Amino acid sequence: MSITLDRPEQKPASAVMTAWLRDFEAALSAGDAQEAAGLFVEDCFWRDLIAFTWNIATQEGRGQVAAMLEATLARVTPRNWQLAEPAEEADGVITGWITFETAIARGYGHLRLRDGKGWTLLTTMTELKGHEEKRGKTREPGAAHGVAQDRKSWLERKQAEEAELGISRPPYCLVVGGGQGGLGLGARLKRLGVPTLIIDKHPKPGDQWRSRYKSLCLHDPVWYDHMPYLPFPDHWPVFAPKDKIGDWLEMYAKVMELNCWNSCSCEHAQWDEAAKEWIVDVVREGKRITLRPKQLVLATGMSAIPNMPKYEGMEKFKGEQHHSSKHPGGGEYRGKKCVVIGSNNSAHDICADLWEHGADVTMIQRSSTHIARSDSLMELALGGLYSEAALEAGVTTEKADLIFASLPFRIMHEFQIPVYEEMKKRDSDFYARLEKAGFMLDFGDDGSGLFMKYLRRGSGYYIDVGASALIANGGIKLKSGVDVIAVKEHSVRFSDGTELSADLIVYATGYGSMNGWAAKLISKQVADKVGKCWGLGSNTTKDPGPWEGELRNMWKPTQVEALWFHGGNLHQSRHYSRYLSLQLKARMEGIPTPVYGLAPVHHTS
Ligand SMILES: Cc1cc2nc3c(=O)[nH]c(=O)nc-3n(C[C@H](O)[C@H](O)[C@H](O)COP(=O)(O)OP(=O)(O)OC[C@H]3O[C@@H](n4cnc5c(N)ncnc54)[C@H](O)[C@@H]3O)c2cc1C
């Protein structure tokens, strides 16, 4: 019997893209960077996730594309550019999924053609040749049928590995932080055979989520939140409660067979230049241990170094005061006067929770905040990529992640602005009610809304799941356009001369940059050498220029050898852990990884 495989149907769009890929391949094979760059429009973008650059980098314009190719072509020797499925055309842009290979890896990408020329190209490394993850047909048999004396069971082998790794055998990679970021990365490294130890202060995986305030549910919907390899089952709620996420992560660590040391705190790390490894002091269940990994990943969380403001008189306050990260939530503040300083996500969630539990709560808003109603956000902003409808239309989580990744940061706001214009119209009554209550609203410096704020500054917004109605109807009292001047024994004093009595003050004042972890665990010099993490250099509020083109220092090589930063929301951790794990695997295997375009440091925090 012979089977004929259908080739992708050659629609005109596919024919155009196939012809472009052929010309591109010819130019690349000839080593002609200028010719290849000439196939792009002048204002093109080529975003590479480690396939060409061993970096996460976007080349903007033909000049940068040509320069990158000049520097990398001879080593990368890219070839076999193919259309993976039929291309599509809409609004004069032809879009298609592509496959390619390099000397050492296989790649997958996304291409948009405008006027028959390359406009945006995304190239990603999917696997290193000879180091493919075992899956499907290549999965482990599990059982070795037959008979063998002194055979070790799966459990015995697992226990032997646990007894060894970090004790008599150093991990190649140490991941500090076993939240969803550390666990997802750990799962990928496990599949790639990179000996990895994940350590976390908390007693159990998932405790980071469990320790947050009681009312917290994920703000992002389920389709956006899957962990690598193991998606949530299809009855999983749209917005998972935080303790449910905690349980999922605990289960994940177990079934993915991750080597986690919990109740283990990283105290200090320093680089041993002679041995080319880190010396890391940890305390595990009270016992000091020194680890010597070759690679150190800080997956210690973006939302983990509290920004605690300093106000005159704080130390004299007779009530209870804490940062939002320490707020327990629940009924213990019934009847109490509560002042919540801040007006972003945590502030809103905490105010609503206090109101639900019968507290007298006032939110203090110093500057404007972007509010997006959860329903509107899902329908207008996320639904096309992350929803049941998207899945039905064939947009899998993996495809959605890649489509998202294919949009260059430089022009991403242009795609976002119309979404928020629509949101303003659709929810105009809602916004009017909030403004009437005195709430200061914004949609970002350029009207590009929530996701751009998240990327640029990681703050400045609330996804409304109910608290805004309480602000509009006065359930949550609001004091806006004021700053705190001082804290007194039983009250808070403001810049407009007024004063509010308080039994509880919650400082919902956000979190610092992740390189603060390097300062805390390694040294200030190393933190400054790495520079600020996160932000694009968009020259908008809290995201100073110059333009970086990519998020600073995340998931890619930094100015400090063998030091990596991993984190972000569930979507980002899932997607970028793939490229971080491949970077680490390549280094372990001794595959040369020359980095093209290592980002210079412009800001230290
Ligand atoms: C209130 C709130 C709501 C959020 N809602 C969402 C949401 O809806 N969707 C979403 O995607 N994201 C959300 N986030 C962002 C969020 O923080 C994450 O997605 C997630 O927690 C990030 O995971 P992570 O593993 O990067 O960091 P974390 O979960 O912060 O984990 C870091 C881990 O590092 C450990 N650690 C730190 N220092 C050390 C040390 N020295 N030694 C050992 N261990 C250490 C900590 O114990 C912790 O477990 C929210 C954050 C907050 C604060």
Side-chain angles (χ1 to χ4, degrees), residues 174-186 197-227 238-242 245-246 249-250 252-253 260-269 280-284 291 296-307 323-327 329 342 344-350 353 374 377 382 386 454 458-459 461-463 465 506 508-511 514 516-522 533-534 554-555 565-577 580:
L174 179 71
V175 179
V176 182
Q180 42 102 352
L183 296 176
L185 176 67
L197 194 58
I198 304 163
I199 63 167
D200 199 292
K201 283 181 197 168
H202 285 104
K204 286 187 302 198
D207 280 352
Q208 173 69 348
W209 281 101
R210 293 187 186 104
S211 69
R212 291 176 175 156
Y213 50 84
K214 288 183 191 171
S215 61
L216 179 65
C217 292
L218 287 190
H219 293 107
D220 299 320
V222 61
W223 306 280
Y224 194 70
D225 298 333
H226 299 296
M227 293 289 288
V238 176
F239 301 105
K242 52 114 184 166
I245 288 292
L249 293 180
E250 191 175 347
Y252 188 87
C260 296
W261 285 4
N262 281 88
S263 300
C264 179
S265 160
C266 173
E267 301 288 304
H268 183 68
V280 187
D281 295 325
V282 306
V283 175
R284 186 189 190 192
L291 297 167
L296 179 63
V297 181
L298 298 185
T300 32
M302 269 176 55
S303 312
I305 299 193
N307 272 339
H323 186 265
S324 58
S325 55
K326 299 278 181 308
H327 184 70
N344 292 338
N345 254 331
S346 294
H348 277 84
D349 278 357
I350 289 170
D353 180 60
S374 178
L377 200 64
L382 281 179
Y386 300 97
Y454 173 67
S459 66
Y461 51 81
Y462 168 55
I463 301 174
V465 290
V506 180
T509 37
Y511 299 88
M514 268 190 91
W517 283 109
K520 211 166 159 165
L521 300 177
I522 308 169
C533 295
W534 210 258
M554 297 306 296
W555 318 293
F565 291 83
H566 178 58
N569 63 26
L570 284 145
H571 145 81
Q572 291 168 307
S573 277
R574 170 183 67 241
H575 182 63
Y576 289 101
S577 56
L580 177 48

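Counting starts at 1 for both ligands and their atoms, following the listed order. Atoms considered below: every heavy atom in the structure, side chains included; atoms not considered: hydrogens, waters and symmetry mates. Model, not experiment: these values are computed from the prediction.
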Engineer: Going by heavy atoms in the side chains, are Y511 and H323 under 4.5 Å from each other?
Structural biologist: yes

Engineer: Hey, would you say the H348 and Y461 ring centroids sit under 6.0 Å apart?
Structural biologist: no

Engineer: Listing by chain and number, which residues have a heavy atom under 4.0 Å from ligand 1?
Structural biologist: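 Protein residues near ligand 1 are V176, G177, G179, Q180, G181, I199, D200, K201, H202, Q208, W209, R212, Y213, L216, L218, H219, D220, C264, S265, C266, A299, T300, G301, S303, S346, Y511, W517, L521, G567, G568, N569, L570.
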
Engineer: Tell me whether K326 at atom NZ has more than 12 heavy atoms from other residues, nucleotides or ligands lying less than 6.0 Å away.
Structural biologist: no

Engineer: One pair to check against side chain to side chain donor-acceptor pair (under 3.5 Å): H219 and D349. What are the steps and the verdict?
Structural biologist: CA-CA 10 Å; H219 293 107; D349 278 357; 2.9 Å; yes

Engineer: Taking only residues two or more places apart in sequence, or in another chain, which ones meet Y252 in a ring pair (Phe, Tyr, Trp, His ring centres under 6.0 Å)?
Structural biologist: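 Ring pair (Phe, Tyr, Trp, His ring centres under 6.0 Å) list for Y252, sorted by chain: empty.
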
Engineer: Under 30°, 30 to 60°, or over 60°: which ring-plane class applies to Y224 and Y386, parallel, tilted or perpendicular?
Structural biologist: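 Aromatic pair Y224/Y386 classed perpendicular.
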
